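Here is the structure we will look at, set down as structure tokens.
By convention in this document, chain letters (A, B, ...) are assigned in the order of the sequence lines, proteins followed by strands, and residues within each chain are numbered from 1. In this text the structure is predicted, and so the values were computed from the model without any measurement.
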Number of protein chains: 2
Amino acid sequence: MNQYWEKIKKAGLKLTPRRKAIVDIFIKLNRYASAEDVWEILSKKFKRCGLPGVYRNLESLVDCGVLAKVEKFDNKKYYALCLAGSSHHHHIVCLNCDKVEDISCYAGESLKKIKGFKVLNHFFQASGICAACARGGKA
Amino acid sequence: MNQYWEKIKKAGLKLTPRRKAIVDIFIKLNRYASAEDVWEILSKKFKRCGLPGVYRNLESLVDCGVLAKVEKFDNKKYYALCLAGSSHHHHIVCLNCDKVEDISCYAGESLKKIKGFKVLNHFFQASGICAACARGGKA
DNA sequence: ATTCTAAATGGAAATAATTTCTATTTAGAG
DNA sequence: CTCTAAATAGAAATTATTTCCATTTAGAAT
Ligand SMILES: [Mn+2]
Ligand SMILES: [Mn+2]
Ligand SMILES: [Zn+2]
Ligand SMILES: [Zn+2]
């Protein structure tokens with residue numbers, strides 16, 4: 001019973017073979033992926049396997065904190081494993097290998113009020129080149 | 001020749017009736033809007049008016065710095081007038097009236113390197129309630 | 001003012017991502 | 001082992017956006 005399975009159970013969701021397999025895929029990938037990416041890999045393991053089911057599962061895994069949404073600003077949805085859990089934090093994405101890491105939120109009191117706005121939410125995401133890729137780890 | 005028209009000219013784009021009208025729409029709206037929102041309003045002024053043309057224009061107006069993209073994280077594209085021009089900055093959006101204002105970027109040197117990543121880009125967007133809405137300015 | 005050409009345009013159709021619907025299966029509580 | 005709500009597949013629908021192509025036009029050059 002790994003940490004991800006526990007999150008799934010704790011949220012009152014069933015620990016189905018699909019969900020286990022999807023978590024597994026993300027652990028092995030070690031990068032963000034789209035619903036279709038996941039579906040392609042999942043299809044090798046399960047001959048009958050619907051894309052709508054993948055979408056549903058990705059959303060439920062976000063809801064229970066196993067996955068985080070990653071933005072590529074291309075009007076597609078992307079997901080990555082989220083280690084940091086449910087405490088507020090952000091993500092940095094490698095432009096070369098698509099790896100995602102948690103980063104803490106820098107916004108403090110200064111972000112309560114800006115330009116007369118009462119600030120309620122914010123989204124931050126950084127991108128760049130990870131240490132491994134900088135070293136030439138993977139082209 | 002207002003500041004927006006000048007940006008359009010300066011970018012080597014033609015100052016067409018469509019573009020003038022789209023800029024006008026955003027000035028009057030004073031909030032972010034989708035391509036379809038803009039198209040609906042534009043259709044009242046021009047009987048023949050294609051949605052693909054609106055998409056094309058919105059993108060070219062972003063390219064020349066007249067508009068900024070706004071994220072609602074719903075896999076649709078939204079745009080708003082950008083006063084601050086081309087210098088790096090971010091936006092805050094009112095959850096009640098959809099107004100958008102420029103905000104400066106807080107990220108400094110600390111954002112050059114995070115978690116071993118060489119940081120190349122970042123996206124920030126805040127949302128909340130604007131002063132006017134807080135005052136009950138508009139339900 | 002007239003001509004000219006690259007840029008802009010409308011509209012139909014294509015594409016792409018995501019969601020809805022419905023019938024069937026199944027995890028896991030009892 | 002039984003039972004039921006949750007999960008599922010697959011087809012079809014929906015939605016946003018883009019592509020394509022024939023026509024028009026802004027604005028530079030005459
Ligand atoms: Mn995370
Ligand atoms: Mn702006
Ligand atoms: Zn990398
Ligand atoms: Zn407001």
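- Look at A:Y55 and you'll find a side-chain N or O under 4.0 angstrom from OP1 or OP2 of C:dT18.
- A:E59 has its CD atom 18 Å from the P atom of D:dA6, to the nearest Å.
- Atom P of nucleotide D:dT18 and atom NZ of B:K76 are separated by 13 Å, given to the nearest angstrom.
- Taking only side-chain nitrogens and oxygens, B:N75 comes nearer than 4.0 Å to OP1 or OP2 of C:dT18.
- Considering only residues two or more places apart in sequence or on other chains, A:H122 meets the ring-ring contact (aromatic ring centres under 6.0 Å, His included) condition with A:H88, A:H90, B:F124.
- Atom pair A:L61:CG and D:dA6:C1' shows a separation of 14 Å (rounding to whole Å applied).
- Applying the salt bridge (charged side-chain N to carboxylate O under 4.0 Å, His left out) rule to B:K10 yields no partners; only residues at least two apart in sequence or on another chain are considered.
- Remark: A:K69 pairs with A:E59 by the salt bridge (charged side-chain N to carboxylate O under 4.0 Å, His left out) rule, at least two apart or across chains.
- For the pair A:F73 CZ and D:dT17 P, the computed distance is 15 Å after rounding to whole Å.
- Here B:E6 pairs with nothing under the salt bridge (charged side-chain N to carboxylate O under 4.0 Å, His left out) rule; sequence neighbours left out.
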List, one per line, each side-chain donor-acceptor pair under 3.5 Å for residues 46-58 of chain A, sequence neighbours excluded.
{"from": "A:N57", "atom 1": "OD1", "to": "A:R19", "atom 2": "NE", "distance (Å)": "2.9"}
{"from": "A:N57", "atom 1": "OD1", "to": "A:R19", "atom 2": "NH2", "distance (Å)": "3.4"}
{"from": "A:N57", "atom 1": "ND2", "to": "A:G53", "atom 2": "O", "distance (Å)": "3.4"}

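- Taking CG of A:N30 as the start and NZ of A:K99 as the end, the distance is 6.0 Å to the nearest 0.5 Å.
- Rounded to whole Å, atom C1' of C:dA16 lies 13 Å from atom CH2 of A:W39.
- Straight-line distance from the NZ atom of A:K20 to the P atom of D:dA7: 14 Å, rounded to whole Å.
- If you measure from atom CG of B:D74 to atom P of C:dT18, you get 12 Å, rounded to the nearest angstrom.
- Two residues, A:L51 and B:E36, neighbour DNA chain D, and the one matched to the more 5' nucleotide by heavy-atom proximity is A:L51.
- At whole-Å resolution of the value, CG in A:N57 and C1' in C:dT18 are 15 Å apart.
- Between A:R19 and D:dA7, a side-chain N or O to OP1/OP2 separation shorter than 4.0 Å is present.
- Side chains of A:L67 and A:Y4 form no contact here, defined as non-hydrogen atoms less than 4.5 Å apart.
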For nucleotides 20-30 of chain C, read 5' to 3', which letter fits each nucleotide if B means a protein heavy atom sits under 4.0 Å from the base, S means only the sugar-phosphate is that close, and - means neither?
BB----BBS--

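- Contact annotation: A:K77 side-chain N/O to C:dT19 OP1/OP2 distance is under 4.0 Å.
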